[in-house]
Engineer: 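Submitted below is the structure of interest, expressed as structure tokens.
Positions are given from 1 along the sequence. Basis for what follows: all heavy atoms, side chains included, without hydrogens, waters or symmetry-related copies.
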Amino acid sequence: MRRLVRTTAVLALTAGLVVGCTSDDDPPAGDATTDDAIITDREPDNPEFTPGEEGSPEPVPGEDGATTALSTAADELGGVAFAVDRSDDDGEELWEVSVAVGDEDVEVFVSLDGNAVVREGDRESLDDEDRSELDRVSVSAPEAATTAVAETGGSVEEVDLDEDDGTLVWDIEMRTTDGATTDVRVDATTGELL
């Protein structure tokens, strides 16, 4: 019986509190109002940015495909890629990659995204200077290009193997995010930026 009295007392007290906390001045719960002092930010900070879009714009096709093109061409021909440059091949923009295959310098045209060999170009004898330089390389062209991309945050436009004051280097032309071009040199034996 005591338990019943306690439960009834608790219920009565709770009901009294609920009734005491509401008044006729309060709007009904379903009729929400917005006070002028409440500010809601429903407009995006960037009006050109809509939900679902990526945080940054799509890259310009080909600007980031050179490194992939070097690897794709080398893998496809079973050789060593040692130069890449953007090429206009009969109105189609492609990467032109030079690949050393045995004693030949094979020209390969690769799609701008770098994922597919479009066609093979000329085959010439690999000259003695190129052969000598390639024999001394420890860091591949794709590895050097990856280092340059990581350093600048830009995209590869051109890669060449050169000797500079006795040091064998990958000379890499980069396009930076503001559209300017800059040269990055990577030591072809150590992989260090110069």
Engineer: Does the side chain of T181 reach to within under 4.5 Å of the side chain of M174, using non-hydrogen atoms?
Structural biologist: no
Engineer: Enter the distance from D171:CG to E163:CD here, rounded to the nearest 0.5 Å.
Structural biologist: 13.5 Å
Engineer: Within the distance-only criterion (no hydrogens, no angle test), does the side chain of S98 pair as donor or acceptor with the backbone N or O of A83 below 3.5 angstrom?
Structural biologist: no
Engineer: With rounding to the nearest 0.5 angstrom, report the OG1 to CD distance, T147 to E192.
Structural biologist: 10.5 Å
Engineer: As a test of understanding, state which of T189, D187, T190 forms a side chain to side chain contact (heavy atoms under 4.5 Å, CB included) with T167.
Structural biologist: D187
Engineer: Any idea which heavy atoms bring S138 and E143 closest together, and the distance?
Structural biologist: O-OE1, 4.2 Å
Engineer: Side chains of E76 and V110, heavy atoms from C-beta outward: is any pair under 4.5 Å?
Structural biologist: no
Engineer: Give the C-alpha distance, both sets of side-chain angles, the deciding distance and a yes or no for side chain to side chain contact (heavy atoms under 4.5 Å, CB included) between D113 and T68.
Structural biologist: CA-CA 7 Å; D113 66 4; T68 305; over 6 Å; no
Engineer: Whether the side chain of S132 engages the backbone of D128 through a donor-acceptor N/O pair (distance < 3.5 Å, no angle test) should be reported.
Structural biologist: no
Engineer: In Å and rounded to the nearest 0.5 Å, what is the CZ to CD distance from R86 to E93?
Structural biologist: 5.5 Å
Engineer: Measuring from L77:CG to R123:CZ, what's the distance to the nearest 0.5 Å?
Structural biologist: 6.5 Å
Engineer: Identify the heavy atoms of D85 and E158 that sit nearest to each other, and give their distance.
Structural biologist: OD1-OE1, 3.7 Å
Engineer: I'd like to know whether CG of D88 has more than 12 heavy-atom contacts from other residues, nucleotides or ligands below 6.0 angstrom.
Structural biologist: yes
Engineer: Grab the two heavy atoms, one from V84 and one from A66, that are nearest each other, plus how far apart they are.
Structural biologist: CG1-CB, 4.3 Å
Engineer: Where do L134 and A100 come nearest, in terms of heavy atoms and distance?
Structural biologist: CD1-CB, 3.5 Å
Engineer: Are F109 and V106 joined in one hydrophobic group, where the rule is that I, L, V, M, F, W and Y side chains link up if heavy atoms are under 4.5 Å apart?
Structural biologist: no
Engineer: Exactly one of V101, V99, T72, L94 should register a side chain to side chain contact (heavy atoms under 4.5 Å, CB included) with V108. Which one does?
Structural biologist: V99
Engineer: With a 4.5 Å heavy-atom cut-off, do L161 and L168 have their side chains touching?
Structural biologist: yes
Engineer: Donor-acceptor check, side chain of W95 to backbone of L112, threshold 3.5 angstrom: yes or no?
Structural biologist: yes
Engineer: So does D165 have more than 12 non-hydrogen atoms from other groups sitting under 6.0 Å from CG?
Structural biologist: no
Engineer: Do you know the tightest heavy-atom contact between A141 and A81?
Structural biologist: CB-O, 3.6 Å
Engineer: I'd like to know if the side chain of W170 and the backbone of V139 have a donor-acceptor N/O pair within less than 3.5 Å.
Structural biologist: yes
Engineer: Is there a path of hydrophobic side-chain contacts, each under 4.5 Å between heavy atoms, that joins V169 and V80?
Structural biologist: no
Engineer: Roughly how far, to the nearest 0.5 Å, is OG of S125 from CZ of R131?
Structural biologist: 11.0 Å
Engineer: Going by the side chain to side chain contact (heavy atoms under 4.5 Å, CB included) test, name the single residue among L70, L126, V137 that passes it with F82.
Structural biologist: L126
Engineer: Nearest 0.5 Å, please: how far is CD1 in I172 from OG1 in T67?
Structural biologist: 8.0 Å
Engineer: For E92, is there an ion pair with R119 - N to carboxylate O distance below 4.0 angstrom?
Structural biologist: no
